[in-house]
Trainee: 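I have a structure I would like to understand better, so I am pasting it below and will then ask my questions one at a time.
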Amino acid sequence: QLIIGVPGSGKSWELTRLADELREAGAIVARHYCYLEPGDEMVEQRVTTDVFFGNVLAELIDADPALSGAGGARFAAGIGELEATLIKAASTGQPVILVIDGLDHIARVRSQARRLSEDETDIVERLATVNIPAGVALVVGSQPGEHLTPLCERWGDQLTTRHLPPWSLSDLEAIAVLHGLSSALVAVGIASQEDIYAIHALLAERADGNPLYARYLACGLVAGLKDGSIASPTDWIADAPAIKGDVAAYYAHLYGHANQQAKSIADLIGVIDFSVSEQELREIVGALVGEWVPQALIQLAPILTTATGQGGVRIFHESFRRFMTQELPRQGRSVAAALEPVIAWLEHRGLLGDAKSYRYLLPALRRAGRGD
């Protein structure tokens with residue numbers, strides 16, 4: 001079964017809940033995510049075929065240790081081992097479900113990693129050759145695209161496609177509440193429950209069924225109310241674009257309305273693979289733009305999130321990075337050019353003397369075409 005949805009529609013969230021509920025119901029469930037979130041240090045490994053087979057087999061064995069060695073080799077991971085393990089799993093009488101998410105990320109990660117070849121990342125093609133025995137279900141989550149063609153050709157009418165439905169207005173309103181909109185409205189004197197509900201409803205309607213966009217609108221409105229830049233919440237929401245299923249329309253709106261300094265910060269945050277603090281951003285952009293960093297972070301607040309493990313901020317959703325990799329060429333610029341100040345900063349910190357430099361300098365050089 002294919003679960004299709006546009007960026008930010010909640011595919012991964014839904015599939016994670018599905019897997020958890022099936023597991024609680026006694027099913028044997030194996031999951032593989034080709035992508036987790038921006039800043040995922042294992043992203044290049046997740047899109048490789050070897051890791052895909054190894055992870056799915058490991059999840060099956062974790063679910064039922066008796067499946068270990070079903071393919072004749074305890075430490076091998078390939079199509080043969082997976083097929084043998086699925087046959088043995090199906091023979092237990094328990095439902096067996098494979099959940100594969102994020103196939104649309106494979107080509108993007110491969111193109112940015114440079115050192116990954118198509119042979120190393122042919123998960124879709126290899127998956128299309130796996131014999132799925134009776135009693136085993138395959139659930140694939142992805143954005144629409146030609147990358148799904150091998151699966152459609154392989155299974156034909158046996159493959160059902162479900163498009164993730166838009167979220168309800170009440171669910172979208174709940175997202176606004178979750179991100180503190182009610183409290184922010186009360187703090188600026190909008191205390192009437194009728195007025196608050198009306199603003200929630202207006203935001204939910206503008207979100208067009210997309211939970212990611214609802215989050216962006218809620219966070220942007222809360223940030224603007226707190227710093228005083230938004231005087232009329234209803235006018236601000238009305239000015240937000242109708243995305244019509246494409247969250248990139250909002251990114252273009254946000255980027256287009258940002259000042260030049262905020263655009264410079266967006267260029268950086270949109271191409272790097274790690275979180276950065278306000279002070280680190282000041283160091284990267286230099287004194288000329290550095291004093292604008294706090295205001296720029298407020299303007300970009302809707303698309304940012306705090307990275308609890310690393311500290312600092314990073315983009316909330318990968319779709320913004322995809323937008324920036326397309327926006328820079330439209331400006332006659334390149335990702336390599338946007339990475340230059342980041343590379344210089346990482347080099348200055350010292351490859352062997354700084355954790356961020358040690359982890360991210362070499363990948364940044366590769367992405368900038370400076371593998372030598």
Trainee: Determine yes or no for a side-chain-to-main-chain donor-acceptor pair under 3.5 angstrom, with Gln299 supplying the side chain and Ala262 the backbone.
Mentor: no

Trainee: Charged N to carboxylate O below 4.0 Å: is that the case for Asp273 and Arg359?
Mentor: no

Trainee: Is the side chain of Asp267 donor-acceptor paired with the backbone N or O of Ala338 at a distance under 3.5 Å, no angle test?
Mentor: no

Trainee: Might you confirm whether atom CD of Glu146 has over 12 heavy atoms from other residues, nucleotides or ligands at distances under 6.0 Å?
Mentor: no

Trainee: Would a distance-only check, ignoring hydrogens and angles, find a side-chain to backbone donor-acceptor pair under 3.5 Å from Thr49 to Asp122?
Mentor: yes

Trainee: Applying ring-ring contact (aromatic ring centres under 6.0 Å, His included), can you list everything that pairs with His32, at least two apart in sequence or on another chain?
Mentor: Phe52

Trainee: Decide, yes or no, whether a salt bridge links Lys356 with Glu280 under the criterion of side-chain N to carboxylate O below 4.0 Å.
Mentor: yes

Trainee: For Glu205, does the CD atom sit with more than 12 other heavy atoms under 6.0 Å from it, leaving out its own atoms?
Mentor: no

Trainee: Do you know which two heavy atoms are closest between His147 and Pro150, and how far apart they sit?
Mentor: O-CD, 3.4 Å

Trainee: Is Ser183 reaching over with its side chain to a backbone N or O of Gly180, donor-acceptor style, under 3.5 angstrom?
Mentor: no

Trainee: How close do Pro233 and Ile190 get, counting heavy atoms only, and between which atoms?
Mentor: CG-CD1, 3.8 Å

Trainee: List the atom of Ala176, the atom of Leu203, and the distance in Å for their closest heavy-atom pair.
Mentor: CB-CD2, 4.2 Å

Trainee: Where is the tightest heavy-atom contact between Ser357 and Leu346, given as atom of each residue plus distance?
Mentor: OG-O, 2.8 Å

Trainee: Compare every heavy atom of Ala249 with every heavy atom of Pro241, then report the nearest pair and how far apart it is.
Mentor: CG-O, 3.8 Å

Trainee: Does atom NE2 of His348 have more than 12 heavy-atom neighbours from other groups under 6.0 Å away?
Mentor: no

Trainee: Take atom CZ of Arg333 as the centre, draw a 6.0 Å sphere, and report whether it contains more than 12 heavy atoms from other residues, nucleotides or ligands.
Mentor: yes

Trainee: Should Asp20 and Arg31 count as an ion pair when the cut-off is N to O under 4.0 Å?
Mentor: yes

Trainee: Kindly give the heavy-atom pair with the smallest separation between Leu127 and Trp155, and that separation in Å.
Mentor: O-CH2, 3.4 Å

Trainee: Do any N or O atoms from the side chain of Arg321 and from the backbone of Ile272 form a donor-acceptor pair under 3.5 angstrom?
Mentor: yes

Trainee: When you measure from the centre of the six-membered ring of Phe316, is the NZ or CZ of Arg215 under 6.0 Å away and within 45° of the axis?
Mentor: yes

Trainee: What do you reckon, is CH2 of Trp345 surrounded by more than 12 foreign heavy atoms closer than 6.0 Å?
Mentor: yes

Trainee: Would you call Glu125-Arg154 a salt bridge at under 4.0 Å N-O?
Mentor: no

Trainee: Please check this pair: side chain of Ser264 against backbone of Gln260, looking for a donor-acceptor N/O pair closer than 3.5 Å.
Mentor: yes

Trainee: State whether Lys11 and Glu14 are salt-bridged, where the test is any N-O pair (Lys NZ or Arg NE/NH1/NH2 against Asp/Glu carboxylate O) under 4.0 Å.
Mentor: no

Trainee: Starting from Val139, walk the hydrophobic network (Ile, Leu, Val, Met, Phe, Trp, Tyr; side-chain heavy atoms closer than 4.5 Å) and list everyone else you reach, by chain and number.
Mentor: Ile3, Leu15, Leu18, Leu22, Val29, Ile97, Val99, Leu164

Trainee: Tell me if the aromatic rings of Tyr251 and Tyr216 count as close, with their centers under 6.0 Å from one another.
Mentor: yes

